[in-house]
Amino acid sequence: MSYANSRIPTSAQQGVHEQLAARVRTHLAHPFKKPIADYNRAACAAALAGWDGRAPLILDAGCGVGHSTIELARACPEHWVIGVDQSEDRLQRRKPYPAALLPTNMVFVRADLVDFWRLLADAGLRLARHYILYPNPWPKIGHLGRRWPAHPVFPYIPQLGGVLECRSNWPVYVAEFAAALELVLGRTVAWGEFLAPQALTPFERKYRDSGQTLYRLVVDLDG
Ligand SMILES: C[S@@+](CC[C@H](N)C(=O)[O-])C[C@H]1O[C@@H](n2cnc3c(N)ncnc32)[C@H](O)[C@@H]1O
């Protein structure tokens, strides 16, 4: 697929999955007990090793090649910014700056968010800001359980607090994220279209330059 010729996810599913609410209720009633892998414990320790314990935390969950992590760290020098991705290959790809020019208030770690989110929550940590930017959409109807809102780990995400932002080029994904959050929080979560004059991530840039509409939800979990 060439650049700026990206396609919007196609799916037979046109709205919030009819089984989403039942899945979320089940996950709320039965906390996720899957054992946490040692490499994710080590990654969490590495993510916090350079933190002074006081700086507000920003998590870039599924950061890909990490451009957004770098931008957030530059924009928020008082924060400690953690970029997490499961792909070592993506994390290792060439960054837009030489290593010597990278901000010092950030760290990249390879980890599975399924464990990483639970480790942060179990440690009682609270985020100031939490970004989930262009998560894999898994648009097939039968792939509901692979989308974060329907995943057993989902209830841990709002536990982390802060201002949570999710962006996607597939409106159904953001609608499901908002619907799942509403079930957890018991309040309305707004979402909608937005413009990205300055793309924060490579996926955002690619989708924007392909003329696609972008969607996001932003919710203050502490508000
Ligand atoms: C579509 S890419 C978006 C990357 C980046 N946020 C962007 O917008 O350019 C989704 C990213 O989520 C990562 N990812 C998917 N599942 C994950 C998981 N369970 N744990 C950590 N990262 C995951 C993938 O490796 C991939 O880099």
Side-chain angles (χ1 to χ4, degrees), residues 1 3-11 27 32 34-44 46-47 58-73 75 81-96 106-121 127 129-140 143-157 160 164-174 176-177 194-210 212-218:
M1 188 183 299
Y3 180 76
N5 192 24
S6 165
R7 288 187 300 166
I8 301 164
T10 52
S11 176
H27 297 150
F32 193 33
K34 180 174 173 259
I36 288 176
D38 286 345
Y39 83 94
N40 290 318
R41 289 188 193 281
C44 191
I58 297 178
L59 178 62
D60 187 2
C63 65
V65 296
H67 292 188
S68 46
T69 314
I70 295 167
E71 289 307 317
L72 291 166
V81 186
I82 304 169
V84 175
D85 204 280
Q86 68 183 2
S87 165
E88 186 64 29
D89 176 59
R90 286 193 182 195
L91 287 170
Q92 290 300 333
R93 274 193 222 156
R94 196 174 68 81
K95 303 288 184 280
M106 56 159 224
V107 63
F108 289 116
V109 288
R110 178 185 170 257
D112 185 344
L113 286 161
V114 170
D115 286 0
F116 198 87
W117 276 320
R118 286 184 293 159
L119 284 163
L120 292 182
L127 302 174
R129 290 156 69 176
H130 190 174
Y131 293 88
I132 303 176
L133 303 174
Y134 305 92
N136 298 118
W138 297 109
K140 289 186 179 171
H143 285 166
L144 172 67
R146 300 187 191 190
R147 305 199 282 269
W148 291 131
H151 193 283
V153 79
F154 186 80
Y156 287 85
I157 297 174
L160 293 169
L164 171 64
E165 178 158 352
C166 176
R167 302 183 188 180
S168 179
N169 65 334
W170 189 35
V172 171
Y173 197 101
V174 184
E176 287 188 343
F177 211 108
F194 78 106
L195 299 172
Q198 291 182 321
L200 187 54
T201 81
F203 276 82
E204 184 161 88
R205 186 175 306 111
K206 181 173 68 170
Y207 297 147
R208 181 201 65 187
D209 292 352
S210 300
Q212 296 181 22
T213 303
L214 304 174
Y215 303 87
R216 75 173 167 188
L217 72 76
V218 185

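The structure displayed is predicted, hence computed values, not measured ones. Counting starts at 1 for both ligands and their atoms, following the listed order.
- Residue P135 has no N or O atom closer than 3.5 Å to an N or O atom of ligand 1.
- Proximity annotation for atom 2 (S) of ligand 1: of R167, R90, E204, R90 comes nearest, heavy atoms only.
- Ligand 1 has no nitrogen or oxygen under 3.5 angstrom from a nitrogen or oxygen of V84.
- When non-hydrogen atoms are compared, ligand 1 lies under 4.0 Å from neither the backbone nor the side chain of W117.
- Contact annotation for A61 and ligand 1: no heavy atom of the residue comes within less than 4.0 Å of the ligand.
- For ligand 1 and P202, the ligand atoms under 4.0 Å from any heavy atom of the residue are 9 (O).
- On a distance-only criterion, T201 and ligand 1 share at least one N/O pair closer than 3.5 Å.
- For D85, a nitrogen or oxygen atom sits less than 3.5 Å from a nitrogen or oxygen atom of ligand 1, counting backbone and side chain alike.
- Here is the list of ligand 1 atoms found below 4.0 Å of a heavy atom in A111: 20 (N), 21 (C).
- At a 4.0 Å cut-off, at least one heavy atom of W148 sits close enough to ligand 1 to count as contact.
- The option from D115, N136, L113 that lies nearest to atom 20 (N) of ligand 1, judged by heavy atoms, is L113.
- Annotation for ligand 1: atoms under 4.0 Å from non-hydrogen atoms of D112 are 18 (C), 19 (N), 20 (N).
- Under the 6.0 Å cut-off for aromatic ring centres, F177 and F154 qualify, their centroids lying closer than that.
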